[in-house]
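Let me begin by presenting the structure, written as structure tokens, before commenting on it.
These figures come from a predicted structure and were not determined experimentally. We count ligands from 1, going down the list as the structure has it; atoms in each ligand are counted the same way. Start at 1 with the first residue, then count along the sequence.
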Amino acid sequence: MEKDNPGAPVKGVLNKLTIKDLDIKGKRLFIRVDFNVPLDENLNITDDRRIRSAIPTINYAIDEDAKVILASHLGRPKGKYDRRYSLAPVAKRLQRLLKKEVTFLPDCVGPKVEEAVRNMKEGDIILLENLRFHEGEEKNDEEFSKGLARLADYYINDAFGAAHRSHASIVGITKFIPSAAGFLLQKEIEYLQGVTQNPVRPFVAILGGAKVSGKIDVLLNLQDNVDKVIIGGGMAYTFLKAMGYEVGDSLVENDMLDLANEIRNTVTSRGIKFYLPVDCVIAQSIEPGAETKIVTTQEIPHGWRALDIGPASVKLFSEAIENAKTILWNGPMGVFEVDAFSRGTFAIARSVADAYALTIVGGGDTDLAVQRAGVSESISFISTGGGAALELLEGKDLPGIAALTDKKST
Ligand code: AMP
């Protein structure tokens, strides 16, 4: 998922052990991965990128003659066995991708699992059943954490998408065995923390998605290092209303109006350029087939809502990112799930992909938008985490990272 880029790569610093700091030859590694993949009604995996993302760490461990025990959650089975959330289909797909045998165990703790891991040989791979079939996982239960820790000599976290959760397999287990970051976790931190702390300038942030409240902390965390902020998506209309525009029935968070104005004033007074849509695609309903019009953002009539940015905004935003050396994009420009409102998002995806810059996409919906626009391969880094990516961009400490063993303590 990385491409050549002109700037020196931004790098966040991880003061925690990484898998390379450990001597793993012959050792049992409990590798927490994020195999929470989407399944269709026949339990076929519809998107296996999360499995693929873990492969560098798994292959490294095998090449170093470790014994690999993989564990993940899948869906929300509420603490008990539910066939729909079994990791069995994942084991098959993983086996195909690795071209190596993967033994699937029907549980993740207990005497039978302990016996199976005791019998492992160097280079063996075991995938445990869904951690969330046990209540202790989400409760970060100490006994359950100990049960997991008993399986291995070392713990490796490569589940970035779950690193913001204080669960047993993310936090609890780290109390009992030395704990280190896998390659995916490391890369996510390098890019996402790096872009907030040490971006190559000019640095442009594009923020979109439904609500201002969901992105405000990202904006606040970026303001020391960002040169331009581009706002699209539903959140733009709270900013526009706060400036006195009539925005019809567009999505507005009325309790955020004062804060929106305050932030825009603070940011612009610091010399940061702040861009809002100048035109938009409006409709009276979100239904496919509804009548649409393109109007300027000053003339959104009552009964109509803005559901995408218009062509003039695409031009304005695309020109604004032209000279950027670093671009961070989080949140779609419109309701891109519906064809009629997807053009603005896809056009921005193409502009970001074409930019001669280090380009970072912040996971979740934006990842999907970039895929649908067909430009994933031209983005420098696409985060695998939704909530976790946002928290890192907000400058928060993720529990799953904080819990890993400090570098200096060994
Ligand atoms: P978020 O999770 O906050 O990034 O929001 C993503 C969601 O925002 C997507 O599902 C979009 O459909 C939605 N969205 C984007 N633009 C708009 C808009 N103008 N009005 C309503 N929803 C929007």
For ligand 1, is there an N or O atom under 3.5 Å from any N or O atom of A306?
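Yes.
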
Can you check whether K215 has an N/O within less than 3.5 Å of an N/O in ligand 1?
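Indeed, backbone or side chain, K215 has an N or O that close.
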
Please write down residue, atom name and distance for the protein heavy atom closest to [atom].
atom: atom 8 (O) of ligand 1; value: A210 N, 3.1 Å
atom: atom 2 (O) of ligand 1; value: D365 OD2, 3.4 Å
atom: atom 17 (C) of ligand 1; value: G234 N, 3.2 Å
atom: atom 10 (O) of ligand 1; value: E337 OE2, 2.4 Å

List ligand 1 atoms under 4.0 Å from G233, heavy atoms only on the residue side.
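Close to G233: 16 (N), 19 (N).
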
Side chain or backbone of V335 under 4.0 Å from ligand 1, or both, or neither, by non-hydrogen atoms?
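Both backbone and side chain.
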
Report yes if the distance between the aromatic ring centroids of Y85 and F133 is under 6.0 Å, otherwise no.
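Here the rings of F133 and Y85 have centres that are no less than 6.0 Å from each other.
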
Are the aromatic rings of F336 and F341 close, with centres under 6.0 Å apart?
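Ring-ring flag for F336/F341: false, centres at least 6.0 Å apart.
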
Kindly indicate, with the supporting measurements, whether the criterion ring pair (Phe, Tyr, Trp, His ring centres under 6.0 Å) is fulfilled by F176 and Y155.
CA-CA 9 Å; F176 306 107; Y155 168 81; over 10 Å; no

Give a yes or no on whether a salt bridge exists between D308 and R343, defined as a side-chain N under 4.0 angstrom from a carboxylate O.
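Not counted as a salt bridge, because no side-chain N and carboxylate O are separated by less than 4.0 Å.
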
Any M235 heavy atom less than 4.0 Å from ligand 1
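Contact check M235 vs ligand 1: negative.
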
Could you tell me if E337 and S342 have a donor-acceptor pair between their side chains, going purely by distance under 3.5 Å?
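Checked: S342/E337 side chains show no N/O donor-acceptor pair below 3.5 Å.
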
Could you give me the CA-CA distance, side-chain angles and deciding distance for T266 and Q223, then say whether side chain to side chain donor-acceptor pair (under 3.5 Å) is met?
CA-CA 9 Å; T266 316; Q223 60 178 332; 5.8 Å; no

Qualifying residue for side chain to side chain contact (heavy atoms under 4.5 Å, CB included) with V102, from I58, L97, D124, L94
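Result: among I58, L97, D124, L94, L94 is the only option passing the side chain to side chain contact (heavy atoms under 4.5 Å, CB included) with V102.
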
